[in-house]
*Asks:* 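Structure in structure tokens, see below.
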Protein chains: 2
Amino acid sequence: MSSRSPKQVLFAQFAAVAKAAAHPLRLAILEQLAQGPRSVEVLADRTGVAVANVSQHLQHMRRAGLTTARREGKYVFYSLADEAVLDLLATLRRVAERNLAEVERVVRDYFEKRDDLAPVSRAELMRRLKDREVVLLDVRPEDEFALGHLPGALNLPLAALQKRLGALPRDREIVAYCRGPYCVLSYEAVAALRVRGFKVRRLEDGYPEWRAAGLPVEGAAAS
Amino acid sequence: MSSRSPKQVLFAQFAAVAKAAAHPLRLAILEQLAQGPRSVEVLADRTGVAVANVSQHLQHMRRAGLTTARREGKYVFYSLADEAVLDLLATLRRVAERNLAEVERVVRDYFEKRDDLAPVSRAELMRRLKDREVVLLDVRPEDEFALGHLPGALNLPLAALQKRLGALPRDREIVAYCRGPYCVLSYEAVAALRVRGFKVRRLEDGYPEWRAAGLPVEGAAAS
DNA sequence: TTATCATTCAATATAATTATTGAATATCGC
DNA sequence: GCGATATTCAATAATTATATTGAATGATAA
């Protein structure tokens, strides 16, 4: 049966791509994969979900062309298939931001409450880093930092922030970043630091976008 | 129950956007809406699907921020919510093109068989139109043409093409377009005209992209 | 008002998706 | 080989999506 027209075949394929992105957990997995390749186990740990479940979602996304997998010893490392997948995530965000009242509400009530200042652009950051005007702060967990981070960044995971305030300068501005837009870590960090009198702003989007832009990185991903 | 974190709320919303695009019929509806506002009845006719079914899909997409609706007399006209929705469709296409073997196969076996020449860019078209070097051919159905088309375009729907070959010049190049990338109409037209000795190429993408780029249009949409 | 038409709603049956569980497979170190 | 570990597979139950049908609503025109 079913000699579907080529147009129908293509639409079915495009729909399969959308479907692969159409689950909150899968988006959380993709956010992790945007940082770099990760094993199934690590992804399960990060998302707080059973391994078998994560494995199934990863395979679903692989069939739809969102992820790729390579085995390395006992581990299978999944990655984003493409920079285009990052674009897809960004586009989903943008459509939701513009047209869904619920998103606007959360952004206003949660994110803007923590940081209502305009974020620092990548261009501005690079310029001011060169002149040593700012200190760059990565608030992701240590292991994520180790796998790749912006050059010269200082790693103070959100959990450790309170105890290690001494590591941060009070005379220079701090620029904080984490996994990307709407990553809560940098927002929480900015809010926490600002009430303690630090001069701090967020970087517009995070590590994945920096790397996708072809800018240099340090850590395991640099090789 | 469920005091979900703001991050989870956002991911759920982003997933809802993806889900709204994750159905072949809904993509076909969105392709129609990309041409301009359409009533439920027209969309049902165009897609060959029951009115109630189309209505449900439209409402699904409206809840997810992909479409908007306005009532005008007896009719309800749906539109794309945003130019960002066009970007979403383009991104889905791009991810599928790059990473799904089935898409590559269809493009090769069907589309490239009909037109393996590089398409004409918008910039090139504008330049050559000004010098009257080319004739612009819209192969969409008459009613779609009436609702909006590129300035100066000649409308010869694919069905009528065979009988009205006399309307086309043999000394100038013809540039054909229709609803967008992978719209079969322009591919079929190019293939049909080329075997008859016409010099013809396709425009890269179609009417919606032209309009989204802010370029002038003629017809009902021009007002 | 009534007749008519476009759209939506509500109910239903079918199909697809998802999380969970436990077993199977693959790889490594010994 | 064996045991340990990472991943996948297979089966299941619960949930969610979908197409269909017929009735209800909203708007127009006579």
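Letters go in sequence order (proteins before strands), and every chain restarts at 1. Given the structure is predicted, the values throughout are model-derived calculations rather than measurements. Heavy atoms only: backbone and side chains are in, while hydrogens, waters and symmetry mates are out.
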*Asks:* In whole angstrom, give the distance that lies between atom CG of B/Leu43 and atom P of C/dT8.
*Replies:*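 The distance from CG of B/Leu43 to P of C/dT8 comes to 11 Å, rounded to the nearest Å.
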*Asks:* Before accepting this row, confirm whether a basic side-chain N of the pair A/Glu102/A/Arg105 lies closer than 4.0 Å to the acidic partner's carboxylate O.
*Replies:*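 Yes, A/Glu102 and A/Arg105 are salt-bridged.
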*Asks:* Please state whether the phosphate of D/dA17, meaning OP1 or OP2, lies under 4.0 angstrom from any side-chain nitrogen or oxygen of B/His57.
*Replies:*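 For B/His57, the contact criterion (side-chain N or O under 4.0 Å from OP1 or OP2 of D/dA17) is not met.
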*Asks:* Indicate yes or no: does A/Arg122 engage A/Asp205 in a salt bridge with an N to O separation below 4.0 Å.
*Replies:*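 Result for this pair is yes, salt bridge flagged.
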*Asks:* Can you measure B/Gln56 atom CD to D/dT21 atom P for me and round it to whole angstrom units?
*Replies:*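 So the two atoms are 13 Å apart, to the nearest Å.
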*Asks:* Less than 4.0 angstrom between a side-chain N/O of B/His60 and OP1 or OP2 of D/dT18, yes or no?
*Replies:*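 Checking B/His60 against D/dT18: at least one side-chain N or O falls below 4.0 Å of OP1 or OP2.
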*Asks:* Are A/Gln59 and D/dC9 close enough that a side-chain N or O sits under 4.0 Å from OP1 or OP2?
*Replies:*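 For D/dC9, OP1 or OP2 has a side-chain N or O of A/Gln59 closer than 4.0 Å.
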*Asks:* Atom CG of B/Leu58 to atom P of D/dA19: distance rounded to whole Å?
*Replies:*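 Atom CG in B/Leu58 sits about 12 Å away from atom P in D/dA19.
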*Asks:* At under 4.0 Å between heavy atoms, which parts of nucleotides 22-30 of chain C does protein reach? Answer with one letter per nucleotide, 5' to 3': B base, S sugar-phosphate only, - none.
*Replies:* -----BS--
*Asks:* Roughly, in whole Å, what's the span from CZ in A/Arg70 to P in D/dA6?
*Replies:*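 Taking atom P of D/dA6 as the reference, CZ of A/Arg70 is at 17 Å.
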*Asks:* Around B/Glu104, counting heavy atoms of other residues, nucleotides and ligands shown, do more than 12 lie under 6.0 Å from its CD?
*Replies:*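 Open: at most 12 neighbouring heavy atoms sit under 6.0 Å from CD of B/Glu104.
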*Asks:* Assess whether atom CD of B/Glu142 is packed by more than 12 heavy atoms of other residues, nucleotides or ligands within 6.0 Å.
*Replies:*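 No - once you tally the heavy atoms of other residues, nucleotides and ligands closer than 6.0 Å, there are 12 at most.
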*Asks:* Can you tell me the distance, in whole Å, between the CG atom of A/Asn53 and the P atom of C/dT21?
*Replies:*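 Those two atoms, CG and P, are 11 Å apart.
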*Asks:* Among the nucleotides C/dT7, D/dA19, D/dT8, which one has an atom lying closest to any side-chain atom of A/Val40?
*Replies:*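 Nearest to the side-chain atoms of A/Val40, counting from C-beta on, is D/dT8.
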*Asks:* Separation of B/Tyr75 atom OH from C/dT8 atom P, in whole Å?
*Replies:*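 To the nearest whole Å, that distance equals 14 Å.
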*Asks:* Measure CZ/B/Arg38 against P/C/dA6 and give the value in whole Å, please.
*Replies:*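 About 17 Å, once rounded to whole Å.
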*Asks:* Respond yes when some side-chain nitrogen or oxygen of B/Ser55 is under 4.0 Å from OP1 or OP2 of C/dT7, and no when none is.
*Replies:*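 B/Ser55 to C/dT7 OP1/OP2: no side-chain N or O under 4.0 Å.
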*Asks:* Of B/Glu41, B/Glu144, B/Glu31, which is the lone residue that meets side-chain hydrogen bond (donor to acceptor under 3.5 Å, both in side chains) with B/Arg46?
*Replies:*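 Single side-chain hydrogen bond (donor to acceptor under 3.5 Å, both in side chains) partner of B/Arg46 among B/Glu41, B/Glu144, B/Glu31: B/Glu144.
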*Asks:* Does the side chain of A/Tyr78 get closer than 4.0 angstrom to OP1 or OP2 of D/dT8 through an N or O atom?
*Replies:*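 Yes, such a contact exists.
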*Asks:* Between residues 20-30 of chain A and DNA chain D, which residues have a heavy-atom gap below 4.0 Å?
*Replies:*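 Within this stretch, nothing sits under 4.0 Å of the strand.
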*Asks:* Taking B/Gly73's backbone N and O only, do any of them form a donor-acceptor pair with B/Arg71's side chain (distance below 3.5 Å, no angle check)?
*Replies:*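 Yes, B/Arg71 side chain to B/Gly73 backbone: donor-acceptor pair under 3.5 Å.
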*Asks:* Can you classify the ring geometry of B/Phe145 versus B/His149 as parallel (below 30°), tilted (30 to 60°) or perpendicular (above 60°)?
*Replies:*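 Parallel, since the angle between the ring planes stays under 30°.
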*Asks:* Can you tell me the distance, in whole Å, between the CZ atom of A/Arg62 and the C1' atom of D/dT8?
*Replies:*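 Interatomic distance, CZ of A/Arg62 to C1' of D/dT8: 10 Å.
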*Asks:* Over 60° means perpendicular and under 30° means parallel, so tell me whether B/Tyr182 and A/Phe14 are parallel, tilted or perpendicular.
*Replies:*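 Rings of B/Tyr182 and A/Phe14: tilted, as their planes differ by 30° to 60°.
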*Asks:* Main chain of A/Leu150, side chain of A/Tyr177: is a donor-acceptor contact present, judged purely on distance under 3.5 Å?
*Replies:*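 Side chain of A/Tyr177 to backbone of A/Leu150: a pair is present.
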